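Chain letters run A, B, ... following the sequence lines, proteins first, then strands; residues in each count from 1. In this text the structure is predicted, and so the values were computed from the model without any measurement.
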Amino acid sequence: MARATRDLVGELVRNALELAQADGALPPIPPIELRIERPKEREHGDYSCNVALRLASAVRRPPMDVASAISERIMCTEPIATVDVARPGFINIRLDEEWQRGQLLSVIDAGEAWGRIDLGVGHRVQVEFVSANPTGPLQVGNGRGAVLGDALASVLDAAGFEVEREYYVNDAGAQIRLFGRTLFTRYQQQFGREVPLPDGGYQGAYMIDLAAQIKDEAGERWLNSADDPPEELAERGLQLMVDQIRDDLGLLRVEFDHWKRESALYDGASGSSTYDVAMGRLRDGSYVIEKEGAVWFRSDDLGEDKDNVLIRSSGEPTYFASDVAYHYDKFLSRGFDTVIDVWGADHQGHVARTKAAVTAVGGDGDALEVLLYQLVHLRRGDERVRMSKRTGEIVTLRELIEEVGADAARFFMLQRSADAQMDFDLAAAASADPRQNPASYVKYAHARCASVMRNAAEAGLSASSDHLQLLVEEQETVLIGEILRLPELVADMATRREPHHLTYYAQGLAQAFTQFYDAHRIVVPDDPERSGARLTLTLASQAALAASLRLIGVDAPDEM
RNA sequence: CCCCCCGUAGCUCAACCGGACAGAGCGACGGACUUCUAAUCCGUAGGCUGGAGGUUCGAGUCCUCCCGGGGGGACCA
């Protein structure tokens, strides 16, 4: 199914609305956005529409009248069974149950690709996330960005967008030079030399490990170098660091399509590098001024209240200047229609000026979206786990994954909306007990589907679509509804950039299946017709569970 | 001083960008296993959605102010 059921319903409602105007039942009105919602109460139907309430004052008619005029003209075909009008002026729509049962076959056919829609076809989106400085290992907070960005990219992909996952490697500038100098110091220390760390150098033990590794690889090669740092040494250290970051992300099952190096923005003959071209664009647009010995981005025309330094009085470009060039590259060179940058909340202050910069270099600032995520706090049961850089008790992403596993790490990280701070309970996440750990609960439901199918095969029973009309029990109806809901959920998540709904959907779906399983026997050798229908439902459940787990990035095991 | 995010059940959090009776999980209490995985299920208790105004048919959601928590406001990233 390339279209969500909701869209089919919406089209029928829109037709009815237009018909009502055409035949004079309603006066002509300007086009209105039509939203089909899913009511909380099942008695209100499978879908509802509040268009009559919103139209009432404009057409100077009681909402109930408007609702009636529209609902009478809704064609009760294919997905729709009945249409009712309710109290204030809602139009409530109930789906045809036979049609819904028939959809289960499409679900099974789609398998773990269930939920894919064509909402975003032809639209190229880049999701850039993590992009932590390669001067140290990833921290827990980076993990949240990793999971959020990866799941969002998966959701957009499922919604039909052409998606690229990108990691921006900040391999230029002062901090990377400091990284090189720290590494050089540690390298010399490997040979027993007493060399002090540079001012503000990177304290972490990982720098010693890096130095030891480089010593093993290259011996004394740079020991007596006059450069600080030796360029090749620094480059090798950076490579190793990036490799480690890539490995850590791999443990989380996060993979990038493209690793973009900041230094590449400066490559090329003078005047032709991305950086030079982007700066040229700013100058052409009169967005550049010089004052106090530095070069500034003047953006008050674009609604910014403050100028920002592009080139320091030392002649060195700022991080922001690189960012201008980088976003020029994203939009003007590579031509993405939309770019979503996933940033930690501590970068909140950069949002406005980066959007302004996109506009200034000739792009559309609104096509740059920045998804900010709030901080993560760790706790273990009731005990707070401190993550202080000063005390050195930093919890790395790798440590987190080793303690709780990739599945729980991903599921827990994704459970909160990006703009809510998060308490991550290591004790709950590390537990295999589904009562503590919803990731286990969902996986268990999937494994149970597989188990049921195995037992059915042993009993000589198999899924059949011949008697789906037997699926009329309350738990069966609810479960079918949950399964069929995924495509519209994908649409909502993609549109609103909110992948966290996945975890709630997966839990609700798992619960619906488990309740069905608990209330009714699926494999009944004496009743092959009913068994065949229920096995079809089981297969569809398994597909929907697998599809949602795949989007979350969690394994869907066949046994536990 | 200014800007951004948050404040919802004892705890952790949802609530489809204004809808119908604010929902889950955990925790608490009480039930259900000779049958496909009880790693489960069912039931009960638990709320003036931080506070005060406002907007309208209708507000947890939007506007103003206040309180509280977090994050920003550099020629750092």
Side-chain angles (χ1 to χ4, degrees), chain A residues 6 35-41 43-44 48 50 53-54 56-57 62-63 86-90 92 132-133 135 170 173-175 200 292-296 305-306 308-314 316-320 322-323 344-352 372-375 377 379 382 412 415-425 428 431-438 440-441 443-445 447-448 450-456 458-459 461 485 488-489 491-493 495-496 498 500-501 503-504 507-508 511 514-515 517-525 531 534-535 538 559-560:
Chain A
R6 187 179 54 192
R35 283 222 323 279
I36 306 296
E37 296 188 314
R38 192 168 276 269
K40 287 174 195 161
E41 301 295 321
E43 305 133 39
H44 296 141
S48 73
N50 66 357
L53 284 159
R54 294 195 293 139
S57 65
R87 287 166 252 161
F90 290 105
N92 292 334
N133 283 332
T135 53
N170 295 120
Q175 26 107 32
E292 299 158 28
V295 177
W296 301 69
D305 54 353
K306 209 185 302 193
N308 290 282
V309 173
L310 289 164
I311 303 174
R312 289 179 259 253
S313 47
S314 67
E316 190 176 14
T318 60
Y319 177 87
F320 175 59
S322 283
D323 249 12
D346 54 340
H347 287 64
Q348 164 259 124
H350 302 211
V351 176
L372 296 171
Y373 61 92
Q374 301 293 319
L375 294 182
H377 293 122
R379 63 189 175 110
D382 293 332
F412 276 61
Q415 264 186 304
R416 277 77 185 105
S417 78
D419 49 11
Q421 284 185 42
M422 177 168 68
D423 261 33
F424 190 108
D425 186 351
S431 169
D433 184 349
R435 278 169 304 194
Q436 303 283 320
N437 184 341
S440 291
Y441 180 81
K443 287 162 69 175
Y444 185 65
R448 185 173 257 170
S451 171
V452 168
M453 294 312 298
R454 284 192 297 269
N455 288 322
E458 218 163 285
L461 294 168
R485 193 162 76 86
E488 70 186 49
L489 182 72
D492 288 341
M493 291 188 299
T495 304
R496 300 180 54 184
E498 288 180 351
H500 71 276
H501 298 290
T503 61
Y504 295 95
Q507 284 179 84
Q511 186 172 41
T514 310
Q515 287 169 339
Y517 168 90
D518 187 73
H520 306 289
R521 188 135 185 108
I522 299 169
V523 178
V524 185
S531 293
R534 287 186 173 160
L535 287 168
T538 301
E559 52 189 318
M560 285 178 77

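- Looking at A/Asn437, its side chain has no donor and acceptor atom pair within 3.5 Å of the base of B/A39.
- Using a 4.0 Å cut-off, some side-chain N or O of A/Arg312 falls inside it from OP1 or OP2 of B/C76.
- Contact annotation: A/Arg416 does not reach the phosphate of B/A14 (side-chain N/O to OP1 or OP2, under 4.0 Å).
- Not counting sequence neighbours, the partners of A/Ala352 by the side-chain contact (heavy atoms from CB on, under 4.5 Å) test are A/Glu304.
- Under 3.5 Å, the side chain of A/Asn50 and the base of B/G19 form at least one donor-acceptor pair of N or O atoms.
- Under a 3.5 Å cut-off, the side chain of A/Thr318 and the backbone N or O of A/Ile311 do not form any donor-acceptor pair.
- Nucleotides B/A59 and B/C63 place their P atoms 16 Å apart, quoted to the nearest Å.
- Between the base of B/A77 and the side chain of A/His350 there is a donor-acceptor pair shorter than 3.5 Å.
- Close to B/C11, at under 4.0 Å from its OP1 or OP2, lies no side-chain N or O of A/Arg379.
- Between the side chain of A/Ser48 and the base of B/A20, a donor-acceptor pair under 3.5 Å is found.
- Across every strand in view, B/A15 sits unpaired, with no contact that passes the Watson-Crick or G-U test at under 3.5 angstrom.
- A close approach under 4.0 Å does not occur between any side-chain nitrogen or oxygen of A/Tyr517 and OP1 or OP2 of B/A39.
- Residue A/Ser313 has no polar side-chain atom (N or O) positioned under 4.0 Å from OP1 or OP2 of B/C75.
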